[in-house]
Each structure stands twice: as C-alpha cells, then as structure tokens.
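Scroll down for the structure; my scribbles are underneath it.
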Amino acid sequence: MGYYEIFVVLLSLIVFCYFFHDKKGFPTNWPLLGMLPALMKNIHRFHNYFIEIMEKSHLTFLFKGPWFTNMHMLATIDPSNVHYVLSKNFGNYPKGPKFHEIFDVLGDGIFNTDNIVWQYHRKMAQSFLRHPKFHQFLVMKTWDKVENGLIPIFDHVSKHGIEIDLQDLFARFTFDTICTIIMDHDPKSLSVDLPSIPPSNALDNIEEVIFYRHVIPCYFWKFQRWLGVGKEKKYKKAWKTLDSFIYNSIDWKRQEMRKGNEVNPNFNLLASYLDDENENRKALIINSDEDKFLKDTILNFFIAGRDTTSATLSWFFYLLSKNPQVKSRIKKELDDINVKINQENFEQMNSKLIYLHGALCETLRLYPPVALQAKTPMKPDILPSGHHVNPNVQIIFDMYAMGRMKSIWGDDCNEFKPERWITERGKIKHEPSYKFLAFNAGPRTCLGKDMAFTQMKIVVASIIQNYVVEAIEEHCVVPDISIILHMKYGCKVRIHCSE
Ligand code: HEM
C-alpha cells in the first residue's frame, strides 16, 4: 500500500470515529453495523455512557445492533417500564433462551430457570432462608467469621502497617460464609496468609466473560467458544474448576450425612435439598442428573451470596472515605448505643442502627452490585413509555444509571446522603422496588436481602467500633466491567486500631 492509500484509510478511520455520535450525542445508526461502533468505543466507560444516553433520551433508548445479529437492545430505566416488565406483566418476561445461553454456567439453578423448576427452587430457598432458626444460625456464623477470620487479619495488618485490599477480604469473607451456610463446609479463605482459592478466582473470571457475552454479537463469542480461544477459553477453565469444587463438596456431604457426622445438620441448603422427598423433583431434573442439578443449585447460591454483599461492603467503605461526615454519624450512632455490639446483643441493637441502614441503602443506590438486568418478551408488547418490543429486542435495565438520574432521585442524586432513607420521625423510609431496584422487583425479588443486611451490619459495626480504615489516596477506584459491580483495581486501605 502506498502513502496515498494509507492516508485515505487513516482519514476514513478518523472521519468514521468522529461520526460515532449524531449532533445530539446519540449513537449513529450505521448501515450494516447499526450502533455497535459507538457502543464498542464506549465499552470501557459503559455505565457512564449509559447515564449520558439515558439523560438525553428521557430514560429509554433503542440501541440498534448490526443487521446480521438480531441484537437490538431497548435500554430503559423508566420506573413505569421497570414495574411493568418485572411485576405487572411478569408472565411475558421469563429469563428465556437468550439468558440461558449467555448464563449457561448457571444450568438449572434458580437464576436461570422459569416456570416449575424456578418455582421449586424458590420454594426451597424461601423455606430455608425464612426458617425461624436460620437467622440465629446466620448471626452466629457471621460473628464467628468476623472474630476468627477478619479481626486476626485486621490486627496483623494494622500492627505491621501493611496495605490491604478490602474488596479481596470481603469476597473471602462472604465466600467462606456462603459455603458454610450452603454446604456446611468452610474453605477458610479468610486467613492471615490469604491463600489462593481457585473456585473463588474462577467465579471472578466467569462473571467477567458473561458481561462480554452481553455486549458482543453472539456469533462472535460462540465462534470463540467453539475454537476454545480468548475469553471463552478462560471461561471454560473457570467453569471446570468450580464444578469440581462443588461436586467434591456434594460427595463429602453425602458421606457425612450417611455417617451422621454433620456439624450443622439442619442448617445448610444442600442438606435440605438432599433430604427433600418430593417426588416431583425427579420430574424437574430434565436433561440432567441428580448431582448436576444439585451442583447448579449451589453454584447459583455462590453467585447470589458471595459477590453482591462483598461488593456492597467495599463500595460502602470507599464512600465513607470520601464522606467523613457520614462516617462520624455512623460512629456516633454506634457509640450512643453505649455497648459494643456482639453476637449476644446484636438482635436487640440491630433495630437502633437506622443511620447505618440508610448508609447501606445509599451505597446500593449508587453502586448496585447487580448493575444490569436483561429481559426478552415472549410476545410483542407495548411498554408504558409507548415503546414497542418483540422477541428480537432485549430490554436492558441499568441500575447504576437508574440511581443517578435527577428525574428519579432529585438534583442531589450524585451525593451520598443516608438521610434520604430516613423519615422525619427517624424511621427507615421505604422506596418502591421499581425505583430502588438493587434487590430486583416483583416475583423474582431477591431472597437474600435480610441476610445481606444482617451480614453487612455485623461487619461494619465490628470494623467501625474497633478500627480506623484509611483509604490509600492515590489508589484508583473505578467500577469494573463485569456482571457484578466490583472495583476494577480493588479497594486498597491501611487499617489502624482505634484508641
Ligand atoms: C447486597 C446484597 C444483594 C443484592 C444487591 C442482591 C440482588 C439481587 C438481584 C438484583 C436479584 C435478581 C437477579 C436476577 O433475577 O437476575 C437477586 C436474586 C436473588 N438473590 Fe440476591 N442480592 C443480594 C444478596 C443475596 C444473598 C446474600 C442471597 C442468599 C444467598 C441472595 C439470594 C438471591 C436469590 C436466591 C435470588 C433469586 C431470586 C429468583 O430468581 O427468584 N441474594 N438478588
């Protein structure tokens, strides 16, 4: 190629890039390519890009995909659309085949199923998580992990002035507790030597790849999967690691149950599934065997219980470091109780932690761990905003953008204000779930909300009452591109014992 041709190619590229967006700032809809070039150009700042588009488009915008992909996406954060899709017309918006394809790793677990299989999981999970004794058990296990896992590490790093990644610690914390609650097995990943835990790392890799599957044409990632290269290679390896960890745990649990050696016989989800005599269950296990069904069930709970809570805790401490006045008010609320919160008095004190509750809700509004949701209609439909949808259109809710819309949360939407969640009479203010979507809405609302708040309050109270967390100023904190809103480079801090 001569200089002239190179010049023409470069000039065309520059012109092409310049026209990624039209004059109003909306993505250009190119022949053949649709709006994919604009989306790919902004993929590294996905959430902020969404905020800009949502603000300009009055909360709903149709992204047109390339003509050969069937990849149209209706992005909406209009609360009336959210309410309609997740609650009012729930029956028309199952998880559906596209979701199953992208989230294939979840198999027949609760997140990935519809109809009777989902109903079965929901009933089992509900009766387990809402069992009167479960709460007591959860409080006991969470305190145990704080005292024997978190505190020894905090003491160690504060004594030696070591920088530590809080996000990593919290992920270890929730991984150990969720494994205990679900399988009666504590992998002890939260210990001073910070051992490498392959299944926990595998979960991170899987979440990252699933995000990419959402934004690149499915032909492309399927081709990569077929070739076994790139991100799909990483995905396959991570999936294998997780499977073997869970299958081994199922085998171990079965043996313990046979021997009658269980540590907590009544309180782990796996035992309640293994004990379930319901004959209908066999009929539900379609294209699968018993162990695969159990493995899928557990894997779904790992994803539900590990990352959501740990990501919220990380963003919470990050936000406190930027808002010292909030930190002081939380400390004052804890000091005013006049006793150190511990396992025995937690239940009694919990109801007094109103400001802390508000600060956690505020964290979830600004940094919802499940930041994106996708739904596909079974039949053509018209949303309350007037937009037409059909089975070729994926509806995307971006909760990160939703928490940052002036039209939804007011002019101070970007500020961290726990007061927003407290009524004039000092009680916790309720916001409808289709406005505060962090825990989802409608029949598929999160089943672990109470569990998450219990764990987060125990962790926060133990840290704030005993330590000072100092964020490393120069450390860069940005959301990662993943299906869970982690911090890309972690949350680096120094810990000091409080006087
Ligand atoms: C801050 C913490 C948490 C947040 C923000 C959160 C958020 C969510 C969201 C957005 C969904 C809907 C996902 C979807 O349908 O695609 C969901 C579902 C669910 N969550 Fe949570 N979650 C949290 C903690 C937990 C915990 C600790 C558990 C317990 C293990 C849990 C159990 C579940 C289950 C079982 C579902 C499935 C509900 C269904 O499909 O019927 N979650 N959660």
Side-chain angles (χ1 to χ4, degrees), residues 82 85-87 90 93-96 98-100 102-103 106 108-130 134-135 138 141-142 170-171 173-175 177-183 207 210 214 267-270 296-316 357 360-376 395-400 402-403 433-434 436-460 483-486:
V82 173
V85 170
L86 295 181
S87 300
F90 174 75
Y93 295 89
K95 291 281 167 134
K98 265 190 199 159
F99 189 94
H100 302 320
I102 292 182
F103 286 85
L106 297 177
D108 291 325
I110 188 165
F111 284 115
N112 206 19
T113 44
D114 292 305
N115 306 320
I116 53 166
V117 185
W118 166 68
Q119 280 161 9
Y120 172 75
H121 280 304
R122 186 134 183 123
K123 211 173 107 230
M124 289 296 286
Q126 233 160 0
S127 64
F128 175 72
L129 294 166
R130 299 204 177 144
F134 172 76
H135 187 72
L138 171 71
K141 287 290 158 194
T142 307
F170 291 146
F173 181 92
T174 48
F175 186 64
T177 47
I178 200 74
C179 286
T180 307
I181 286 163
I182 291 182
M183 308 190 298
E207 286 163 6
I210 285 179
H214 275 92
F267 280 103
N268 54 85
L269 190 84
L270 179 54
D296 292 345
T297 303
I298 291 169
L299 180 54
N300 279 250
F301 275 87
F302 275 0
I303 294 194
R306 183 193 77 142
D307 293 318
T308 47
T309 308
S310 66
T312 311
L313 280 168
S314 310
W315 288 112
F316 173 84
H357 191 94
L360 289 167
C361 290
E362 191 64 346
T363 306
L364 286 157
R365 178 181 71 85
L366 289 169
Y367 293 101
V370 185
L372 289 175
Q373 272 233 42
K375 292 274 170 191
T376 312
I395 302 173
I396 304 277
F397 304 129
D398 185 328
M399 280 84 121
Y400 184 89
M402 202 172 178
S433 50
Y434 50 84
F436 176 52
L437 198 54
F439 291 101
N440 207 19
R444 291 195 93 126
T445 296
C446 173
L447 287 170
K449 184 175 173 183
D450 291 343
M451 172 174 163
F453 272 107
T454 300
Q455 289 206 296
M456 293 191 292
K457 284 180 188 168
I458 292 175
V459 170
V460 171
I483 51 160
I484 300 284
L485 198 72
H486 294 296

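In this chain, numbering begins with 1 at the start of the sequence shown. What you see is a predicted model; the values in this text were computed from it and never measured. In each ligand, atom 1 is the first atom listed, and ligand 1 is the first ligand listed.
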Less than 3.5 Å apart, which donor and acceptor atoms pair up between the side chains of residues 445-453 and the rest of the protein, not counting sequence neighbours?
{"from": "Thr445", "atom 1": "OG1", "to": "Gly442", "atom 2": "N", "distance (Å)": "3.3"}
{"from": "Thr445", "atom 1": "OG1", "to": "Gly442", "atom 2": "O", "distance (Å)": "2.5"}

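Below the 2.8 Å limit, atom 21 (Fe) of ligand 1 has as protein N, O or S neighbours Cys446 SG.
With a 4.0 Å cut-off on non-hydrogen atoms, Arg122 touches ligand 1 through its side chain and not its backbone. Contact annotation: for Leu437 versus ligand 1, there are no heavy atoms closer than 4.0 Å. Contacts between His121 and ligand 1 below 4.0 angstrom, taking non-hydrogen atoms only, are absent altogether.
What sits closest to atom 15 (O) of ligand 1 on the protein, heavy atoms only, is Lys95 NZ, 2.8 Å. From the protein, the heavy atom lying nearest to atom 37 (C) of ligand 1 is Phe111 CE2, 3.7 Å. Ranking the protein heavy atoms by distance from atom 40 (O) of ligand 1 puts Arg444 NE, 3.0 Å first. Protein heavy atom at the shortest distance from atom 1 (C) of ligand 1 is Thr312 OG1, 3.5 Å.
A heavy-atom separation below 4.0 Å is not found between Phe453 and ligand 1. Using a 4.0 Å cutoff on heavy atoms, Ala438 counts as a contact of ligand 1. The shell of residues lying under 4.0 angstrom from ligand 1, judged by heavy atoms, includes Ile178.
Between the side chain of Asn300 and the backbone N or O of Asp296 there is at least one donor-acceptor pair closer than 3.5 Å. Between the side chain of Asp108 and the main chain of Thr113, no donor-acceptor pair closer than 3.5 Å is present. Ser127 contributes a side-chain N or O that, together with a main-chain N or O of Met124, makes up a donor-acceptor pair within less than 3.5 Å. In this structure a side-chain-to-backbone donor-acceptor pair under 3.5 Å is present from Lys95 to Phe111.
Contact record, Arg365 with Gly403: NH1-O, 2.6 Å, taken as the closest heavy-atom pair. Ile181 approaches Phe128 most closely through the heavy-atom pair O-CZ, 3.7 Å.
Listed by number with element, the atoms of ligand 1 under 4.0 Å from a non-hydrogen atom of Pro369 are 5 (C). Atoms of ligand 1 found under 4.0 Å from any heavy atom of Trp118, numbered from 1 in the order shown, are 39 (C), 40 (O), 41 (O).
Donor-acceptor pairing under 3.5 Å is recorded for the side chains of Thr177 and Gln455.
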